[in-house]
S.K.: 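This is the structure, below, for whatever I ask next.
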There are 2 protein chains.
Amino acid sequence: MEKTSSGEHILQPAYVRISDDLRSRIRGGDLKPHAPLPPERELCLDHGVSRMTARRALNILESEGLVYRDYRDGKRGTFVSEPRIELRLGSFSREISKAGRHPGAELLWAEKKPASHAQAAALGIDTGASVVALQRLRRSDNEPLALETTFYPAHILPGFLKEDLSGSLWDVLRNKYAIIPARTVANLEVVVLDQEASHLLQTRQAAAGLRLIRRTFDKDGKCFEYAEDTYRADRVSLVIDREIDE
Amino acid sequence: MEKTSSGEHILQPAYVRISDDLRSRIRGGDLKPHAPLPPERELCLDHGVSRMTARRALNILESEGLVYRDYRDGKRGTFVSEPRIELRLGSFSREISKAGRHPGAELLWAEKKPASHAQAAALGIDTGASVVALQRLRRSDNEPLALETTFYPAHILPGFLKEDLSGSLWDVLRNKYAIIPARTVANLEVVVLDQEASHLLQTRQAAAGLRLIRRTFDKDGKCFEYAEDTYRADRVSLVIDREIDE
DNA sequence: CAGTGGTCTAGACCACAAT
DNA sequence: TTGTGGTCTAGACCACTGT
């Protein structure tokens with residue numbers, strides 16, 4: 001398909017050509033959010049490829065967050081996505097507000113249990129010591145965006161599991177336990193969602209996610225919080241705002 | 001394959017079963033970094049699937065950064081990856097040092113040109129005003145990790161293109177121009193690498209990347225730097241260290 | 001019932017590097 | 001030439017939803 005001349009040329013596979021074509025049509029504003037793309041079998045005819053090849057092109061756009069596949073108006077189909085939701089890192093309870101969107105965190109479970117090795121090491125306690133652990137599903141407009149699993153040393157938070165755990169956890173720590181977050185260290189990487197995460201976040205099997213593993217410290221440098229957050233890579237962009245101290 | 005009972009059950013596709021199987025074998029330490037996996041056609045026989053299905057399983061592991069496909073010892077094959085490289089966000093010139101690894105930034109190009117609309121808006125200058133722009137390829141042990149494209153208003157950096165641009169840019173700004181970075185605001189999201197980026201970063205077509213779009217401000221709140229950084233999602237994890245001011 | 005995407009097959013041909 | 005991964009075909013059957 002492409003011109004090739006003296007070592008400089010690159011022959012694009014069909015699935016790249018097709019995804020490039022569809023991407024430019026979406027970016028060009030030809031197709032609005034939630035507008036249906038042609039059915040896969042129609043794309044095959046349009047581009048003269050087999051369905052596996054057309055699907056590869058759509059899979060690229062899906063992992064870019066540019067399209068999604070779902071039921072709309074009672075029909076299965078592939079549709080143009082809305083823009084990603086921006087989440088501000090470091091103040092996890094506040095997403096950047098958008099008109100018509102409202103945040104929420106559903107508590108999936110909360111319990112006291114023995115610390116794993118990794119949790120104990122992060123929190124500076126003994127393996128097997130009690131931690132309070134909780135998992136929450138963060139949404140925006142009922143769209144699941146992130147899965148947060150958080151751990152605290154149980155001894156510093158008596159009665160914590162009876163608090164309201166659907167809002168800002170840092171607010172609870174500040175107001176009820178006089179624990180003031182002062183510093184956070186996080187490690188962020190791209191992962192493939194496992195079965196549980198992709199089910200809870202309502203993505204396809206083995207979709208990409210952003211995994212943020214973080215520890216939060218008080219002003220004395222003591223780590224009081226360990227958390228593993230998993231974001232939908234196709235729906236979230238993270239905003240990082242940071243002072244430079246060096 | 002899986003048990004199914006009254007709404008609770010999930011039937012795993014073959015490619016998920018196979019990738020789960022290989023993942024646990026790699027994670028279990030059975031296979032060390034750079035050890036070859038069985039050829040795809042052998043995996044087909046082992047698991048009784050067609051090659052397309054076996055490849056889907058390997059593609060998942062590849063996008064997880066758990067395996068790579070390359071030539072080693074003169075043979076094409078699929079091999080176990082080394083652990084990801086940790087890069088510290090905010091001090092881009094310093095990767096977390098590891099024995100035997102040494103960082104480097106290759107200057108791909110540097111030039112003065114008119115600002116695009118996005119660059120001008122970020123830097124607070126007029127569209128079309130002069131910016132100095134440069135692109136660098138960051139490596140660790142010759143392994144390409146990130147592609148950085150950086151923009152500055154040309155008028156604040158006379159002679160900048162004659163400086164050594166292969167080290168820390170912030171050091172040059174501090175030492176030669178008395179510009180002190182005080183704050184950085186960044187937006188991070190998962191993207192699919194385009195042809196140019198996947199070529200420079202030596203990934204397969206349409207591999208996942210981490211795109212960091214950032215602006216850096218001096219102590220007066222003036223934005224003097226706009227940058228678009230693209231990381232290899234399979235090879236990099238980002239470390240974020242942040243004071244909490246709220 | 002029809003229409004859609006999700007999974008899967010059983011092959012094919014190619015490029016590439018070492019032998 | 002051999003062996004590997006990369007691309008691609010031309011189908012198939014399934015689950016799901018609404019008519």
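Quick note on labels: first sequence line is chain A, next is B, and so on, each numbered from 1.
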S.K.: Run the side-chain donor-acceptor check on residues 60-67 of chain A: report pairs under 3.5 Å with partners two or more places apart or on a different chain.
M.R.:
unit_1	atom_1	unit_2	atom_2	d
A:E62	OE1	A:R204	NH1	3.4
A:S63	OG	A:N59	O	3.2
A:S63	OG	A:I60	O	3.0
A:E64	OE1	A:R23	NE	3.0
A:E64	OE2	A:R23	NE	3.2
A:E64	OE2	A:R23	NH2	2.6

S.K.: Enumerate all atom pairs, one protein N or O and one N or O from nucleotides 13-19 of chain C, separated by less than 3.5 Å.
M.R.:
unit_1	atom_1	unit_2	atom_2	d
C:dA18	O4'	B:G74	O	3.4

S.K.: Holding to side-chain hydrogen bond (donor to acceptor under 3.5 Å, both in side chains), I want the full list of residues that pass it with A:T230, two or more places apart in sequence or in another chain.
M.R.: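 Testing A:T230 for side-chain hydrogen bond (donor to acceptor under 3.5 Å, both in side chains), a comparison that skips the adjacent residues, returns A:R211.
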S.K.: Would you say B:R214's side chain and A:I240's backbone share a donor-acceptor pair under 3.5 angstrom?
M.R.: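 Flag not set: sc B:R214 to bb A:I240 has no pair under 3.5 Å.
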S.K.: Consider the side chain of A:T53, meaning its heavy atoms from C-beta on, and name the nucleotide among D:dT9, C:dT9, C:dT7 that approaches it most closely.
M.R.: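 Of the options given, the side chain of A:T53 lies nearest D:dT9.
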S.K.: Report the distance from atom NE2 of B:H47 to atom C1' of C:dT7, rounded to the nearest whole Å.
M.R.: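 Rounding to the nearest Å, NE2 of B:H47 and C1' of C:dT7 are 17 Å apart.
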S.K.: Starting at the 5' end of DNA chain D, which residue's closest nucleotide do you reach first, A:S50 or B:D70?
M.R.: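 The 5'-side residue here is B:D70.
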S.K.: Spell out, as yes or no, whether a donor-acceptor pair under 3.5 Å connects the side chain of A:R235 to the backbone of A:E82.
M.R.: yes
S.K.: Rounded off to whole Å, could you give me the CD-to-P distance for the B:Q12 and C:dC8 pair?
M.R.: 10 Å
S.K.: Got a sec, which residues hit ring-ring contact (aromatic ring centres under 6.0 Å, His included) with B:Y152, two or more places apart in sequence or on another chain?
M.R.: B:F160
S.K.: Can you measure B:E40 atom CD to C:dT9 atom P for me and round it to whole angstrom units?
M.R.: 14 Å
S.K.: The side chain of B:Y15 lies closest to which of these nucleotides: D:dT7, D:dT4, C:dT7?
M.R.: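 Ranking D:dT7, D:dT4, C:dT7 by closest atom to the B:Y15 side chain puts C:dT7 first.
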S.K.: Quickly work out the A:M52 CE to C:dT9 C1' distance and round it to whole Å.
M.R.: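 To the nearest whole Å, that distance equals 9 Å.
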S.K.: Give me each pair satisfying ring pair (Phe, Tyr, Trp, His ring centres under 6.0 Å) with a member in residues 24-72 of chain B, each pair once, sequence neighbours excluded.
M.R.: B:H34-B:Y68, B:Y68-B:F79
S.K.: Can you sort out which residues in residues 54-68 of chain B have a heavy atom within less than 4.0 Å of DNA chain D? Ascending by number, please.
M.R.: B:R55
S.K.: Whole Å only: how far is the CZ atom of B:F79 from the P atom of D:dT4?
M.R.: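 Those two atoms, CZ and P, are 10 Å apart.
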S.K.: Which pairs with one or both residues in residues 189-199 of chain A pass salt bridge (charged side-chain N to carboxylate O under 4.0 Å, His left out), sequence neighbours excluded?
M.R.: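 Non-adjacent pairs meeting salt bridge (charged side-chain N to carboxylate O under 4.0 Å, His left out): A:E189-B:R84.
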S.K.: State which residues pass salt bridge (charged side-chain N to carboxylate O under 4.0 Å, His left out) with A:R25; sequence neighbours excluded, sorted by chain then number.
M.R.: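 A:R25: salt bridge (charged side-chain N to carboxylate O under 4.0 Å, His left out) contacts with A:D21.
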S.K.: Taking only residues at least two apart or on different chains, which pairs with a member in residues 36-54 of chain A satisfy salt bridge (charged side-chain N to carboxylate O under 4.0 Å, His left out)?
M.R.: A:E40-A:R51, A:E40-A:R55, A:E40-A:R69
S.K.: Quickly work out the A:L45 CG to D:dT9 P distance and round it to whole Å.
M.R.: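 Value for this atom pair: 12 Å.
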S.K.: Give the nucleotide from the list C:dT9, C:dG5, C:dT7 with an atom nearest to the side chain of A:Q205.
M.R.: C:dT7
S.K.: Starting at CG of A:L43 and ending at P of C:dT4, how long is that distance when rounded to a whole Å?
M.R.: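 The distance from CG of A:L43 to P of C:dT4 comes to 11 Å, rounded to the nearest Å.
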